[in-house]
Amino acid sequence: MKRIAILGSTGSIGTQALQVIAEHPDLFQVEVLTANDQVNKLIEQARCFNPDAVVIANEDKYATLRDALIDLPIKVYAGADALCEVVESGSIDIVLMALVGFAGLRPTLHAIRSRKLIALANKETLVVAGELVTQLARQYRAPILPVDSEHSAIFQSLVGEGQNEIDKILLTASGGPFREFSAEQLRHVTPAQALHHPNWKMGAKITIDSATMMNKGFEVIEARWLFGVDAKQIEVLVHPQSVVHSAVQFRDGAVKAQLGVPDMRLPIQYALTYPDRLPLSGERLDLFQLHHLTFEHPDMEKFPCLGLAYEALRRGGNAPCVLNRANEVMNLAFRQGKIAFENIYTNIEKVMEMVPFEQESSFDAYIATDEETHCVAEQLITKQQ
Ligand code: MN3
């Protein structure tokens with residue numbers, strides 16, 4: 001029996017993880033569920049999976065949560081600190097980190113120090129603090145297993161390879177909903193258009209990140225830290241069919257890939273059951289139905305956010321942290337109709353120039369950079385209104 005804490009259980013990854021767990025009630029026990037704000041969904045999940053504890057990050061919703069679960073022996077907590085405390089519990093084997101954005105960093109560090117197995121869906125953690133997180137994970141021998149579909153594919157391709165060196169990572173990208181749009185069309189896209197992803201069903205923030213391809217930029221940074229390769233060894237391929245979930249090329253020229261239908265439940269389940277593979281319901285890949293698989297270079301002019309991510313990785317220090325927070329602010333501002341699609345990029349670029357460079361890679365330094373970036377980014381939007 002594996003005992004699991006799901007941080008961010010009401011989001012897209014969290015709910016799909018609970019579907020996986022529900023298919024194998026004999027193998028998994030849900031110990032902790034947490035939500036940022038969706039208290040009703042959390043109540044429903046808690047009544048269904050009967051965890052030991054629940055946390056609502058928004059403290060205003062605490063009383064609602066407590067009262068709704070008063071008849072059950074479930075511990076109820078609220079606030080950001082509680083997220084860090086619950087992952088330390090001795091009764092947890094695996095922490096599925098499915099929070100959105102910078103908020104995932106601090107609980108991840110706590111889970112690592114408590115030597116939990118981390119199933120990591122929160123890529124921003126590695127974008128902001130990849131060096132710190134991976135170094136700490138080695139120190140505490142806390143394995144980090146990727147949940148992101150591309151990184152899971154890379155991880156699956158590396159099973160059995162031992163110390164064999166990676167020559168190149170082939171990181172695939174769907175290209176998002178605007179792959180075939182002209183630069184002129186891109187100027188007029190709406191949040192509703194950007195929120196309609198052709199292949200993957202995901203949360204709002206990551207869907208916008210896919211439309212700008214910042215998501216792929218983040219995944220380059222994520223891959224750099226997870227697999228210990230140079231940025232130069234990571235090649236992005238636009239592959240609109242989303243069948244090849246990513247691949248690894250080795251020194252002898254062999255390329256290993258993982259293929260499948262786009263279904264996040266597979267990488268979620270694999271992270272929870274590695275090295276075992278369990279049955280999973282759902283559609284199967286039918287190669288006879290695939291007429292062609294295509295691969296092309298990303299258009300860095302139409303999707304300059306990808307270049308910004310490579311640049312942040314090259315600069316190092318706090319640059320990826322600035323990139324991440326500037327993107328969080330601009331992504332939300334676009335969804336709220338405050339800025340145009342193209343300004344997501346232009347504003348992030350401006351913010352990256354405005355926040356001073358800092359080499360130090362400590363948690364406190366990242367917190368300071370994150371807060372400063374938030375202020376600078378918000379001021380920039382206010383000026384533009
Ligand atoms: Mn992905």
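Whatever order the structure lists ligands and atoms in, that order sets their numbers, starting from 1.
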State whether the side chain of T15 and the backbone N or O of T10 hold a donor-acceptor pair below 3.5 Å, judged by distance alone.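 Not a single qualifying donor-acceptor pair exists.
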Whether S210 side chain and I206 backbone form a donor-acceptor pair below 3.5 Å: yes
Looking only at N, O or S atoms in [X], which is nearest to the Mn ion (ligand 1)?
X    : answer
E219 : OE2
D148 : OD1
E150 : OE1

Would K116 and E88 pass as an ion pair if we require N to O under 4.0 Å?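 Between E88 and K116 there is no salt bridge, as every charged N stays at least 4.0 Å from the carboxylate O atoms.
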Side chains of T125 and N122: do they bring a donor and an acceptor to under 3.5 Å?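 The answer is yes; a qualifying pair exists.
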